Amino acid sequence: MSLAAETREAVRARPFVRDALRAGLVNHSAAASWLAARADLDGDPDAIAAALRRFREDLPAYETEARTASVSMRSGVSIADDATEANDGAEGDGADADPLLRVGDAAVVEGGDRTAILATGDVDAAALADALGRLGAADVEVAAAGVAGDALVCVVSRRDGASAVRVVEATLEAVPVDEE
């Protein structure tokens with residue numbers, strides 16, 4: 001494999017470098033030195049920097065789009081390891097008995113000390129990925145998250161609920177678009 005191909009592969013394995021290249025925010029020499037050390041690229045840093053410049057020309061520009069979605073907060077949820085067992089005690093068959101999110105046997109259910117941030121509308125995996133990145137940057141720990149259909153859910157501590165709502169709302173105002 002050529003050094004240029006290895007450099008492209010190293011960038012694709014590090015999405016933050018790819019996003020920075022797309023946005024034109026990269027010092028190519030510094031990125032080349034960093035990639036040479038972290039990705040174990042066997043080549044001269046100047047050659048790696050040149051490969052980064054050429055790769056940047058092939059990437060779509062970094063762009064975002066606003067999404068239309070309603071964001072709400074539901075306090076008093078927990079993560080049940082066995083969702084079937086957690087719902088056996090629920091009365092009736094109303095919406096409160098249905099989990100907000102289910103992955104395998106685990107589910108986000110009513111009754112607990114966490115808060116669920118629920119966005120409904122024009123949401124998808126890209127919106128969730130960006131929301132998780134922004135929540136991490138804001139030092140908001142996410143206990144569970146998922147997206148399906150027109151719903152996106154992030155579960156955080158009760159203390160972080162209001163901050164998480166603001167972060168998710170801001171995310172939905174500018175979700176990165178990947179036109180590759």
Side-chain angles (χ1 to χ4, degrees), residues 9-23 25 38-39 59-180:
E9 185 177 299
V11 169
R12 287 187 183 109
R14 293 156 184 84
F16 70 95
V17 175
R18 183 177 173 276
D19 286 345
L21 275 173
R22 289 179 58 205
L25 300 174
R38 300 287 169 105
L59 293 172
Y62 185 86
E63 295 182 17
T64 62
E65 69 181 7
R67 302 292 183 86
T68 303
S70 173
V71 180
S72 61
M73 180 169 57
R74 292 199 189 167
S75 295
V77 301
S78 65
I79 301 169
D81 291 331
D82 185 353
T84 306
E85 206 173 276
N87 282 333
D88 283 346
E91 294 181 19
D93 58 353
D96 289 341
D98 293 332
L100 288 173
L101 173 69
R102 180 189 304 268
V103 178
D105 290 336
V108 177
V109 297
E110 296 295 327
D113 62 352
R114 297 185 184 268
T115 297
I117 309 307
L118 176 62
T120 55
D122 186 13
V123 296
D124 59 10
L128 176 61
D130 198 43
L132 291 173
R134 289 179 184 219
L135 287 164
D139 291 326
V140 174
E141 184 177 328
V142 177
V147 64
D150 67 348
L152 178 151
V153 177
C154 294
V155 179
V156 301
S157 71
R158 184 168 291 179
R159 177 181 56 83
D160 287 331
S163 295
V165 166
R166 288 189 293 273
V167 169
V168 171
E169 287 173 337
T171 297
L172 294 172
E173 291 175 9
V175 177
V177 177
D178 195 0
E179 298 177 3
E180 197 173 36

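What you see is a predicted model; the values in this text were computed from it and never measured. Note: hydrogens, waters and symmetry copies are ignored here, and every other heavy atom, side chains too, is used.
Rounded to the nearest 0.5 angstrom, R22 CZ and L25 CG are separated by 11.5 Å. The line from OG1 of T64 to CG of L172 is 12.0 Å long, rounded to the nearest 0.5 Å. The distance from the OG atom of S75 to the CG atom of D113 is 10.5 Å, given to the nearest 0.5 Å.
Around the CD atom of E65, the shell of radius 6.0 Å holds more than 12 heavy atoms that belong to other residues, nucleotides or ligands.
Taking every heavy atom of both residues into account, V140 and A164 meet most closely at CG1-CB, 4.3 Å. When all heavy atoms are compared, the tightest approach of A116 to V153 is CB-CG1, 4.4 Å. Residue G104 comes nearest to R102 through the heavy atom pair O-CG, 3.6 Å, listed as atom of the first residue, atom of the second, then distance. The minimum heavy-atom distance between V167 and A138, with the atom names listed, is CG2-CB, 4.2 Å.
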Distance-only donor-acceptor pairs under 3.5 Å for side chains of residues 144-152, two or more places apart:
none

Donor-acceptor list for residues 155-162 side chains, cut-off 3.5 Å, not counting sequence neighbours:
from, atom 1, to, atom 2, distance (Å)
S157, OG, D160, N, 3.3
S157, OG, D160, OD2, 3.3
R158, NH2, G112, O, 3.3

Notebook entry, point to check: Given the rule in the side-chain contact (heavy atoms from CB on, under 4.5 Å) test, do V108 and R114 qualify, once you have shown the distances and angles that lead to the verdict?
Noted result: CA-CA 10 Å; V108 177; R114 297 185 184 268; over 6 Å; no
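In this view, E169 and V71, V165 satisfy the side chain to side chain contact (heavy atoms under 4.5 Å, CB included) rule, not counting sequence neighbours.
Side chains of L135 and C154 form a contact here, defined as non-hydrogen atoms less than 4.5 Å apart.
Looking at T68, its side chain never comes within 3.5 Å of a backbone N or O of D122 through a donor-acceptor pair.
Classification of R18 and D178 as a salt-bridged pair holds, one side-chain N sitting under 4.0 Å from a carboxylate O.
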